[in-house]
Amino acid sequence: MPNFHRKLERSAIGFVVAIIVVSSIGGFVEIAPLFTIDETVEKAPDMRVYTPLELAGRNIYVREGCYACHSQMIRTLRDEVERYGPYSLAVESQYDHPMLWGSKRTGPDLARIGGKYSDAWQVAHLRNPRDVVPVSVMPAYRWLEDNTLRTEDLGLHLKAMSRVGVPYTQAMIDNATNDAYGQANPDSNFAAGVVERYGEATNIRAFDGEPGRVTEMDALVAYLQILGKLTNAATAANVAIKE
Amino acid sequence: MIAGLTKGERQLSLAVLTVLALCGLAFAAIGHDDPIGTHGFIILLVAIGLACVVIAGYYAPEPDKEQLSRYYDDPTRAGIVLAMAWAVFGLFFGVWVAALLAWPELTFDAAWSSFGRIRPVHTTGVIFGFGGNALIATSLHVLQRTTRARLPDQFSPWFVLIGYNLFCVLAVSGYFMGLTQSKEYAEAEWYADIWLVIVWVVYFLIYIRTLQRRKEPHIYVANWYYMAFILVVAILHIVNNLAVPVSFGHAKSYSLFSGVQDAMTQWWYGHNAVAFFLTAGFLGMMYYYLPKRAGRPIFSYRLSIISFWGIVFMYMWAGSHHLHYTALPQWVQTLGMTFSVILLVPSWASAGNALATLNGAWGKVRDDATLRFMMVAAVFYGLSTFEGSFMAIRAVNSLSHYTDWTIGHVHAGALGWVAMISFGSIYALVPWMWKRERMYSSKLIEVHFWLALAGTVVYVFSMWNSGIIQGLMWRTYNESGTLAYSFVDSLVAMHPYYIARTFGGLLFLLGALVGCYNIWMTIRQAGGRVVLQGPDVDEPALAPIALQAGE
């Protein structure tokens, strides 16, 4: 070996090629099959996409770096399933560009937080976490209520998402801005369109407690309330295993 | 700076800066209602500022033949200064972000200072700002000395250094504004990522062009590592950052991959950023500066070969150990675990090779804090690679994952290994680069050493404690078979450790400040340039190198 290597280290190009080849093998073997084999991503016919308001909320979740302290991946361990709910399936994040599985739990896992608390609790908690959880170390996000949500470009966001493979229809893309308004204003004319395009189960409420202006608080709470609710595949799978 | 460039290179600089300014202007115009517009203005200002510098020095005399036959060290000097500045910046934000977990009101009610925004400021500041600049500065130095060839031209090293720092500035200023891809250690948005690819290609070309002109038949082991660092980081960076921007006027983009494929790609990137940025690059540093400072040849050439190819091959399989018990298929988890455990062999081969090199020079380790920095770095490298292999075992990971133990492990590597080998190398390099006999104060190097070591130990021990307590509390059941602790119970238990880790980080920051002062005073030292003699001589150009890997 040393003799072969002595030859190799006399050639810069040879060395470069050797590094590229040797280092590429691992990633190729582990990543490439994930795109083809069936067991990586289950089928979930009931899976729906994020509404424009939820997607905007997700983008705020990303912007504020919530993923740095909250995971969205319940592992297949007894204590996690008992604490957070059914373990996470691959299909549940199939429309997550990027995924937000996280790597650290300074705060609790949020994969199934949707519906666990009321909108009012979420708003109070985001306004100042220590008002509702006195020992919390989470930052206060008071300004979310003051910031008007930027909605006029949501169609472009949906279009970009459809380019990377999320099945948004042309109607969804065209109506994105109105749908964002409608979802946060149940009494408006735009609310019906949201149900029509995203299904009966969609939450249509004034998430921040105040109809009218759509705020970043509306968007973030709408997103938090849908976490774990896009499909019930996980509940079904967990039940199947217990039986 | 400009005086070192030839006429043609000065014109090339102006041309490149014009293109850069136009790009900045375009972003500022198209993205006027988006944060990308702010970045456009930053790019524009940087380009104009640099153009002023070039124009001011445009008519300075060109470098003569004699100057062009010597090693070209101006970029290395600038890189050292930048590295130390980023160290202070990044460590300061590290202390702040740590303090936020003990005293959450320290955000002062601003959006830019909340934990989620300044955490990537800290990680990017220390990894890419400090670590990256230290790697670029030392690699350009080591490359010339071990090939006995001058850098191929004067323009491209400046392009790499300044371009790279522009990337860091775009990344960090973006996080303050809330621009992030949310991919850990790859948070910068699409346009900054594209810029980094351009910079990186030029960096690679510098390396390969210099190697092609080398006057040594063999490529020295330090350069193997630097090359692996440059090449593999490029592969990782490009694949993990594939994304579709919302529009050219939007900073926001959506990653090409989703869900489980995205998770695997991200941690294939994330773990190998550790491997090829924070390990391979700094091993390159170690393989040059440690033997040089100790005055001993590398202990074993065979061990260098085994550990190098072991690291290049095996690390790329290990990323999936970040995803144990998740929705990732189990065979991928098992492969990742297996390779992570085997990785201990090449890792300890490197650590052992470094420590065995010091045999016969332990007296120097005792007396010379610079060499002691490098020795302790090798020890921490051995410790944290052992810990890493251990934590990759699925059963251990079920406890350690999601807890502060991971943070402790990362900092054992980042503070103990990466920062210590960098400080050691910089202390060795500064007197050579500024033609001084020695550093301004060896006592201050001692002070820095002990502050850094104490800070690291306090930090790592507090995170081990908090992480293991956290992991145990989450899985403890009471007699009736229900979970014994709420999440908030575990949070309360962390409080004293969060204070301790902030204190540890503060010690480390103080050490870096002492180092900055010492380096600054060395540069400014009265008496000016002295003629160097003895084993520490780094000049003149084209002298035979003292150390070849040999058995």
Side-chain angles (χ1 to χ4, degrees), chain A residues 2 5 9-10 12 15-16 19-20 22-23 25-27 30-31 34-35 39-41 59 62-69 71 73 75-77 79 82-83 88-90 93-101 103-106 108 133 135 137-140 142-143 153 156-157 160-161 163-164, chain B residues 101 104 107 109 111 114-117 119-120 178 180-184 208 211-212 217-219 224 227-228 231-232 244-247 252 254-256 258-265 268 302 305 309 312-313 316-317 320 322 325-327 329 332 335 398 402 406 474-475 483 487-488 491-492:
Chain A
H5 203 270
E9 64 192 64
R10 293 174 77 108
F15 214 93
V16 165
I19 289 174
I20 292 175
V22 171
S23 65
I25 300 169
E30 290 189 348
I31 298 176
L34 298 183
F35 290 91
E39 69 175 88
T40 310
V41 182
N59 289 342
V62 167
R63 183 186 78 190
E64 301 305 335
C66 305
Y67 60 86
C69 293
S71 57
M73 173 47 64
R75 297 181 293 171
T76 52
L77 298 168
D79 59 290
E82 288 183 13
R83 191 181 294 278
S88 302
L89 301 181
S93 48
Q94 71 165 331
Y95 297 145
D96 284 7
H97 293 266
M99 58 84 206
L100 295 172
W101 291 10
S103 62
K104 176 71 179 33
R105 284 183 187 149
T106 305
V133 184
V135 295
V137 297
M138 186 170 126
R142 294 185 183 90
W143 67 89
D153 61 351
L156 289 173
H157 283 261
M161 282 284 268
R163 283 216 179 97
V164 292
Chain B
L101 291 185
T107 60
D109 230 12
S114 62
F115 184 94
R117 291 205 194 178
R119 180 203 181 244
T180 169
Q181 296 190 118
S182 83
K183 287 172 160 262
E184 285 183 75
I208 203 77
L211 285 175
Q212 295 295 35
H218 292 272
I219 303 172
W224 311 349
M227 273 201 296
L231 286 167
V232 182
V244 174
V246 172
S247 81
K252 171 80 188 163
Y254 291 98
S255 69
L256 184 60
S258 70
V260 62
Q261 291 91 353
D262 187 44
M264 184 59 226
T265 310
W268 167 78
R302 273 167 209 264
I305 298 177
W309 290 106
V312 170
F313 178 65
M316 297 295 259
W317 298 75
S320 51
H322 288 256
Y325 298 101
T326 67
V332 190
L335 265 182
S398 74
Y402 293 136
T406 311
W474 290 345
R475 57 160 63 172
L483 291 166
F487 191 90
V488 161
L491 184 66
V492 173

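Each chain gets a letter, A, B and so on, in the order the sequences are listed, and its residues count up from 1.
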Quick one: closest heavy-atom pair of V62(A) and T180(B), and the distance?
-> O-CG2, 3.2 Å
If one checks every heavy atom of V312(B) against chain A at 4.5 Å, the contacting part turns out to be both
Can you tell which of P104(B), P245(B), A228(B) has the highest number of heavy-atom pairs within less than 4.5 Å of chain A?
-> P104(B)
At a heavy-atom separation under 4.5 Å, does L101(B) approach chain A through its side chain, its backbone, both, or neither?
-> both
Are the side chain of D262(B) and the backbone of P98(A) linked by a donor-acceptor contact shorter than 3.5 Å?
-> no
How far does CD of Q94(A) sit from CD of Q261(B), to the nearest 0.5 angstrom?
-> 9.0 Å
Turns out that what part of L491(B) lies under 4.5 Å from chain A's heavy atoms comes down to side chain
Top residue by heavy-atom pair count (under 4.5 Å) with chain B, among P139(A), S23(A), A160(A)?
-> S23(A)
Of all the heavy-atom pairs spanning E30(A) and L335(B), show the shortest one and how long it is.
-> OE2-CB, 3.5 Å
Applying a strict 4.5 Å limit to non-hydrogen atoms, the region of V133(A) in contact with chain B is side chain
Do you know which of K183(B), H322(B), E184(B) has the most heavy-atom pairs under 4.5 Å to chain A?
-> E184(B)
Where is the tightest heavy-atom contact between R75(A) and S398(B), given as atom of each residue plus distance?
-> NH2-O, 3.0 Å
Over all atoms of both residues, closest heavy-atom pair of A12(A) and L211(B) | CB-CB, 3.9 Å
Would you call L231(B) and I20(A) a side-chain contact if the rule is heavy atoms closer than 4.5 Å?
-> yes
For the residue pair V16(A) and M227(B), establish whether any side-chain heavy-atom pair is separated by less than 4.5 Å.
-> yes
Does some side-chain heavy atom of R142(A) sit less than 4.5 Å from a side-chain heavy atom of D109(B)?
-> yes
A111(B) and E64(A): which non-hydrogen atoms are nearest, and at how many Å?
-> O-OE1, 4.5 Å
For the residue pair F15(A) and W224(B), categorise the inter-ring angle as parallel (less than 30°), tilted (30 to 60°) or perpendicular (more than 60°).
-> tilted
Heaviest contributor of heavy-atom pairs below 4.5 Å to chain A, chosen from S247(B), P217(B), G259(B), S182(B), is S182(B)
Residue from P108(A), S71(A), A68(A), C69(A) scoring the most non-hydrogen pairs under 4.5 Å with chain B is P108(A)
Applying side chain to side chain contact (heavy atoms under 4.5 Å, CB included) to P120(B) and not counting sequence neighbours gives T123(B), Y175(B), E187(B)
For residues Y254(B) and R163(A), determine if any side-chain heavy atom of one lies less than 4.5 Å from a side-chain heavy atom of the other.
-> no
With a 4.5 angstrom heavy-atom cut-off, could you sort out which part of R83(A) is near chain B: side chain, backbone, both or neither?
-> both
Considering only heavy atoms, which portion of W474(B) lies under 4.5 Å from any heavy atom of chain A: side chain, backbone, both, or neither?
-> both
Portion of V332(B) that has a non-hydrogen atom of chain A nearer than 4.5 angstrom | both
Find the one option among G116(B), S320(B), S255(B), G178(B) whose heavy-atom pairs under 4.5 Å with chain A are most numerous.
-> S255(B)
Option in A140(A), C66(A), S103(A) with maximal non-hydrogen atom pairs under 4.5 Å from chain B | S103(A)
Check whether R119(B) gets within reach of chain A through its side chain, its backbone, both or neither, counting any heavy atom under 4.5 Å.
-> side chain
Check whether any side-chain heavy atom of Y402(B) lies under 4.5 Å from a side-chain heavy atom of T106(A), and answer yes or no.
-> no
Checking W101(A) against chain B: side chain, backbone, both or neither under 4.5 Å from a heavy atom?
-> both
Per-residue tally against chain B (heavy atom, under 4.5 Å) across V135(A), I25(A), V22(A), L100(A) peaks at V22(A)
Which residue out of T406(B), T265(B), V488(B), L483(B) racks up the most heavy-atom pairs below 4.5 Å with chain A?
-> L483(B)
Region of L77(A) that comes under 4.5 Å of a non-hydrogen atom in chain B | side chain
